[in-house]
Student: 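Structure below; questions to follow.
Residue numbers start from 1 in every chain, and the chains themselves are labelled A, B, ... in the order their sequence lines are given, proteins ahead of strands.
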Amino acid sequence: MRLNKGEVAVSTAALISLWSFAAMLMHSAMILPSPGYVLTTSLPAFAIFGGMAPSYAGAIHILAIHLAVTAWRATIGLLIGVAIGVTVGTVISLPRVLRGRRTLGLGVGALKNLPLFGFIPLFIFWFSNRPSSVVGYVAFATVLLVLPGAAAASARGTSPIHVDLARVAGAGPWAIFWKVLWPSTWPLLRPTLRFAVSLMWAFSLGAEYAGSPQVGLGVLAYQAYLWSDMGRMIVIALTYLLAGIASIFVFDIITVVATICNGQAQSSQRYKQRR
Amino acid sequence: MTDSRLAVEQRARDGISNAVELVDVCCAYRTAHGQDVRGLNGCTLAIPMNSSVAVVGASASGKTTLLKTIAGLRPVDCGHLGFPGYGDKRPADAIGVMFQGSSHFPWRTVERNLSFRLELAGWPKAERQRRAAELCQLVGMEPTVYLRRYPSELSGGQLRRMELAMTFSAVPRLWLLDEATTGLDFLARQDIQKLIEAMMLQSGITTLMVTHDVPEAVRLADLVAVMSGGRICALVPINLPRPRTAGGLPGLEADQARLVDQIVVLMRSAMGEATRCD
C-alpha cells in the first residue's frame, strides 16, 4: 500500500499531536520531552560534542559527521553481506546442485531462527571496539538475513526449463545469469534486499551502541543513554528514521537503473505485478 | 541387431541423407531426488532430412531424454550421435527446441521472447523488432495486438503459438517439439496441429516431435517411432497424403484410424517386453 502526500502529512501531524499530548501528561522532559523541547533544547545540544556552544548549525554538523561514519560502516557491511548472501544462496539453489538443495535447505532455513543481535558481544570480543567490529557484524547479520531469501528466490524463481531454453538458444554462463537467473529471481529477491537495507541501520546501531567506538550515531545514542537524555535519544531516533528512508530511496533508484540496464525496465514491474 | 539399426544402415546404403543419426546411444542422469536413471539405453534412430518423426511411448520411456540429448542438454554416455553434414559438431544455431510445459520467459513481452535468441546473437534492436513481427505473423498472431503483451496475458493456444514462433527465430534446420499440444483443449489442439503441419510444409524443416497422442503423431509425422525402456522398439512409416490436419480428404480418417490401431498395438507389445525385461 502506498500512501499519498496528504495521508503522510495528516498521519505525521496526528503523531506529533499525540506525542505532545503524552508529553504534557508526563510533565517530565527526562521521561518524555515534548516536540518543542526536543527541537529547541535537545537538538542544539549536540553541538557540545564538537566543543561548540549549543546551536543548530553546530548540531547538524556533528550529527552529519557521525551519520556519515555510521552510513559508511553500514554500507560497507551491507555490500559485503549482500554479496556473500546472494552468491551463496543462489549457488546452493542452482539447478545443477538441485540434488543438494534439500539437505542444504534445512541448514538455510535454520538460519532464520538465529538471534541476530545476540551475536554482537561475539563480534566485540573478536574485533574489540574498532570500526571493523561494526562492519563485520553488519556483514554477518546481512548474510544471515539475505541468504535464506536468496536461496528461496533462486529456487522458486528459476525453472530448469528456462535455463535449458537459454542454453539451446546459445546462451553462455553470463547470459544465463543476466538474462534468465537475474530477471526471474529479482522480483522475489528484491523485498529481502530492501528489508536488509532498512535493517542495516539497526544492525549498525546495535554494534556501535554495544561496541562504543569513537564516532557513530550509535555512540551518540550510548552517550545520551549515559546522560539519561531522552531528548537527544529522540533526535538520534529521528535521524535513523530519515537515514532509513533515504537509503530505501537510494536503493529504489539503483534498482531502477539496474533494471533499465538489464533491458527489463517496464517488464519487471509489470511482471512483478502480475506475479 | 535391432530393426531401427538395420533401418539406419539401410538408409546409409541407399544414400538417403539423414539430419540426425543415433546409433546405440546411452544416456544416464541423476534426478533431483538423487536417483540414477538410464534415460536412453542403446537408442538407435535416423531422422531423414526434411521429414518429420514422431516419438510415442509410455511415460518414462525416454522420449524427452532423447529430445534433450539431441538438443545437447544431456551428454551421450555411449554410442554415436551425429549430425551428417556437420561432422561431430552439434549445429546449435540450427536447432529450435520447444520444451514440454512453459517454454518461454514469463518476465519478457511476446516481442522480447521472440527475439531472445537474436539478442544473444547480437542482432540490432530494429532488426530484432522486425523479425519478431514477422514471427508473430507466421503463427497467425497480429503483431500490433500481441507483441507488447506478456505471456500471462495470452491464452494457452496463443502461448503455444508464441513458443513455436520462438523456435523459428533463427531459421532452424532441425525442429524439436516436446508435447507441443499437451494441456490444450480440443479446438486449440487442432489449431496448433494445423499450424505445425503448415510450418513444416512451408519450410521443409526436419522435425522430431515427442507426443503421448498417437492420432496426433499419425497426423503430423512421416515416421512414427515407438519407444520403450530407453530404446526405439518399432518404426511405422506414415504414407498418407498431406495436408492431413485440414480434413476433408476422403478415406483419410479410416487410414489414420488403422495406423493409430497398429501403433497402439506396437506400444502395448513394447511395454510388455520392457516389463518382462525388468
Student: Quick one: which of B/Ile205, B/Thr207, B/Val139 gives a side-chain contact (heavy atoms from CB on, under 4.5 Å) with B/Met199?
Tutor: B/Val139
Student: When heavy-atom pairs shorter than 4.5 Å are enumerated against chain A, which of B/Ser103, B/Gly72, B/Ala71 gives the highest number?
Tutor: B/Ser103
Student: Looking at B/Arg189, is its backbone amide N or carbonyl O close enough to the side chain of B/Thr181 to form a donor-acceptor pair, meaning the two atoms are under 3.5 Å apart?
Tutor: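 No; zero donor-acceptor contacts below 3.5 Å.
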Student: Where does B/Met166 contact chain A at under 4.5 Å (heavy atoms): side chain, backbone, both or neither?
Tutor: side chain
Student: side-chain hydrogen bond (donor to acceptor under 3.5 Å, both in side chains): which pairs involve residues 198-207 of chain A, sequence neighbours left out?
Tutor: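 Qualifying pairs, neighbours excluded: A/Trp201-A/Ser247.
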Student: Is a side-chain donor or acceptor of B/Thr206 paired with a backbone partner of B/Asn50 at a separation under 3.5 angstrom?
Tutor: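 Judged by distance alone, yes, a pair lies under 3.5 Å.
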Student: Of the backbone (N, CA, C, O) and the side chain (C-beta and beyond), which part of B/Leu73 lies under 4.5 Å from a heavy atom of chain A, both, or neither?
Tutor: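 Both backbone and side chain of B/Leu73 come within 4.5 Å of chain A.
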